[in-house]
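Side chains are part of it too, since the values below use all heavy atoms of this structure and drop only hydrogens, waters and symmetry mates. Quick caveat: nothing in here was measured; it's all calculated off a predicted structure.
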Number of protein chains: 2
Amino acid sequence: MPAVIENYWVTILKALGHPTRLQIVIELLKGTKCVTDIHDILPASQANISQHLTVLRNARIVDFAQDGSQRCYYVCRPELVEGVLELLRNEQPESKAKKVQCCLRKPENADGHQAV
Amino acid sequence: MPAVIENYWVTILKALGHPTRLQIVIELLKGTKCVTDIHDILPASQANISQHLTVLRNARIVDFAQDGSQRCYYVCRPELVEGVLELLRNEQPESKAKKVQCCLRKPENADGHQAV
DNA sequence: TATTGATATTAGAATATGCGAATATTATTT
DNA sequence: AAATAATATTCGCATATTCTAATATCAATA
């Protein structure tokens with residue numbers, strides 16, 4: 001299994017890496033909400049929330065269902081987002097650094113390190 | 001369980017949300033490496049890799065053990081990082097959008113939506 | 001101690017991101 | 001067809017990120 005990075009991984013992580021967007025996603029996990037609902041909950045302007053929803057949508061984290069003039073947004077990858085949040089909740093901010101021994105690179109052995 | 005966002009969650013997600021940094025972390029998961037090792041593997045300058053390692057260290061994702069003039073970096077929250085990668089690997093870029101019904105906000109019922 | 005190897009830091013330019021204000025769009029209602 | 005509600009888009013500016021080039025630091029060695 002090669003450690004290939006898919007571009008959309010970074011897009012997803014970047015999209016989640018903003019306080020307002022993470023909050024939006026957390027709120028949407030509780031239930032589908034339209035833009036006004038989110039606006040009522042979070043301290044951001046309607047335009048700004050709309051902008052963040054666009055980012056989340058481009059990352060395919062959320063999608064919406066049109067309902068008249070409303071757009072009901074929801075998390076379309078709940079397993080992913082819930083999973084990430086679960087992992088974060090299990091982490092302590094100051095978790096003990098797991099001490100690890102050093103790598104193999106040595107001056108007298110130029111091939112000691114793991115080159116490609 | 002309130003949906004409180006811890007600031008460091010965003011810091012962690014933001015740190016992982018960069019292609020070079022995600023690659024660094026993936027390589028470190030395979031084994032501890034010094035900066036030169038990473039430099040040999042990834043297409044970035046030494047200075048740049050050092051800068052990214054600083055970001056990852058500030059997010060408490062990696063740490064290092066000093067070994068003479070070398071710094072052997074390693075992922076100090078392997079469960080978290082492996083978990084996130086696992087979740088990402090399980091996602092298809094074009095996964096079917098789970099269709100969800102709309103929220104409750106209706107014109108004739110101003111309290112229908114879930115306000116704070 | 002001068003040199004070399006390994007890594008970090010700084011400065012500065014290019015680019016990207018975030019956000020408010022204003023405006024546009026679309027659907028519903030009167 | 002206006003008026004209104006819900007949402008999106010655009011513009012412009014402030015700020016943040018990212019990267020390169022140059023330089024500094026620090027440890028090991030000749």
Side-chain angles (χ1 to χ4, degrees), chain A residues 7 10-11 13-24 28 32-59 62-74 102-113 115, chain B residues 7 10-11 13-24 28 32-59 62-74 102-113 115:
Chain A
N7 280 330
V10 170
T11 305
L13 292 169
K14 207 181 295 186
L16 293 177
H18 184 283
T20 302
R21 286 196 294 265
L22 193 54
Q23 272 292 2
I24 289 175
L28 290 184
T32 297
K33 286 181 185 61
C34 67
V35 181
T36 304
D37 289 336
I38 302 172
H39 182 225
D40 286 344
I41 298 174
L42 301 186
S45 69
Q46 177 268 316
N48 191 228
I49 287 175
S50 208
Q51 290 164 338
H52 284 308
L53 283 170
T54 299
V55 173
L56 290 170
R57 214 162 76 79
N58 288 338
V62 307
D63 200 354
F64 64 84
Q66 190 92 31
D67 175 28
S69 63
Q70 295 180 196
R71 288 185 171 188
C72 299
Y73 281 87
Y74 57 90
C102 292
C103 59
L104 303 177
R105 171 180 279 264
K106 293 289 178 207
E108 70 272 20
N109 177 10
D111 286 327
H113 64 290
Chain B
N7 281 329
V10 170
T11 305
L13 292 168
K14 207 182 293 185
L16 293 177
H18 184 285
T20 302
R21 286 197 293 265
L22 192 55
Q23 272 293 1
I24 288 175
L28 289 183
T32 297
K33 288 181 184 59
C34 65
V35 180
T36 304
D37 288 337
I38 302 172
H39 182 227
D40 286 344
I41 298 175
L42 301 185
S45 70
Q46 177 268 315
N48 191 227
I49 287 175
S50 206
Q51 289 164 336
H52 284 309
L53 284 169
T54 298
V55 174
L56 290 169
R57 213 160 78 79
N58 288 338
V62 307
D63 199 354
F64 65 83
Q66 190 94 31
D67 175 27
S69 63
Q70 294 179 197
R71 288 186 171 188
C72 298
Y73 281 88
Y74 57 91
C102 292
C103 58
L104 303 176
R105 172 180 279 265
K106 293 291 179 205
E108 71 271 20
N109 178 10
D111 286 327
H113 63 291

Subject >> Residue met sooner reading DNA chain C from 5', once B:A47 and A:V55 are mapped to nucleotides >> reply: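 The residue whose closest nucleotide sits nearer the 5' end is B:A47.
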Could you give the [atom1]-to-[atom2] distance, from [X] to [N], as a whole number of Å?
{"X": "A:D37", "N": "D:dT7", "atom1": "CG", "atom2": "P", "answer": "8 Å"}
{"X": "A:I49", "N": "D:dT9", "atom1": "CD1", "atom2": "P", "answer": "15 Å"}
{"X": "B:N58", "N": "D:dT18", "atom1": "CG", "atom2": "P", "answer": "13 Å"}
{"X": "A:R57", "N": "D:dT7", "atom1": "CZ", "atom2": "P", "answer": "14 Å"}
{"X": "A:I24", "N": "D:dT7", "atom1": "CD1", "atom2": "P", "answer": "13 Å"}
{"X": "B:D67", "N": "C:dG5", "atom1": "CG", "atom2": "P", "answer": "17 Å"}
{"X": "B:L53", "N": "C:dA8", "atom1": "CG", "atom2": "P", "answer": "7 Å"}
{"X": "B:K14", "N": "D:dT18", "atom1": "NZ", "atom2": "C1'", "answer": "14 Å"}

So, OP1 or OP2 of [N]: does either fall under 4.0 Å of a side-chain N or O from [X]?
{"X": "A:H52", "N": "D:dA8", "value": "no"}
{"X": "B:R71", "N": "C:dA8", "value": "yes"}
{"X": "A:S69", "N": "D:dA5", "value": "no"}

Original post:
Does a distance-only test, which skips hydrogens and angles, find a donor-acceptor pair under 3.5 Å between the side chain of B:Q66 and the base of D:dA27?
Top reply: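 Answer no: no donor N or O sits under 3.5 Å from an acceptor.
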Subject >> Any donor-acceptor N/O pair under 3.5 Å between D:dT20 base and B:Q51 side chain >> reply: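 Pair found.
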Indicate, with a heavy-atom threshold strictly under 4.0 Å, whether [X] touches base, sugar-phosphate, or nothing.
{"X": "A:S50", "result": "base"}
{"X": "B:R21", "result": "sugar-phosphate"}
{"X": "A:A44", "result": "nothing"}

Identify which nucleotide among [options] has an atom closest to any side-chain atom of [X], counting heavy atoms from C-beta outward.
{"X": "A:V35", "options": "D:dT7, D:dT9, C:dA27", "value": "D:dT7"}
{"X": "B:N48", "options": "D:dC19, C:dT17, C:dA8", "value": "D:dC19"}
{"X": "B:Q70", "options": "C:dT7, C:dA27, D:dA27", "value": "C:dT7"}
{"X": "B:T36", "options": "D:dC19, C:dA6, C:dT9", "value": "C:dA6"}
{"X": "A:Y73", "options": "D:dT7, D:dA8, C:dT9", "value": "D:dA8"}
{"X": "B:H18", "options": "D:dA6, D:dT18, C:dG5", "value": "D:dT18"}

Compare all side-chain heavy atoms of [X] with those of [Y] and state whether any distance is below 4.5 angstrom.
{"X": "B:I24", "Y": "B:L42", "result": "yes"}
{"X": "B:N58", "Y": "B:T11", "result": "no"}
{"X": "B:K33", "Y": "B:L28", "result": "yes"}

Just how far is it from atom [atom1] of [X] to atom [atom2] of [Y], taken to the nearest 0.5 Å?
{"X": "A:L53", "Y": "A:C34", "atom1": "CG", "atom2": "SG", "value": "10.5 Å"}
{"X": "A:Y73", "Y": "A:T32", "atom1": "OH", "atom2": "OG1", "value": "12.5 Å"}
{"X": "B:Q51", "Y": "B:R21", "atom1": "CD", "atom2": "CZ", "value": "10.5 Å"}

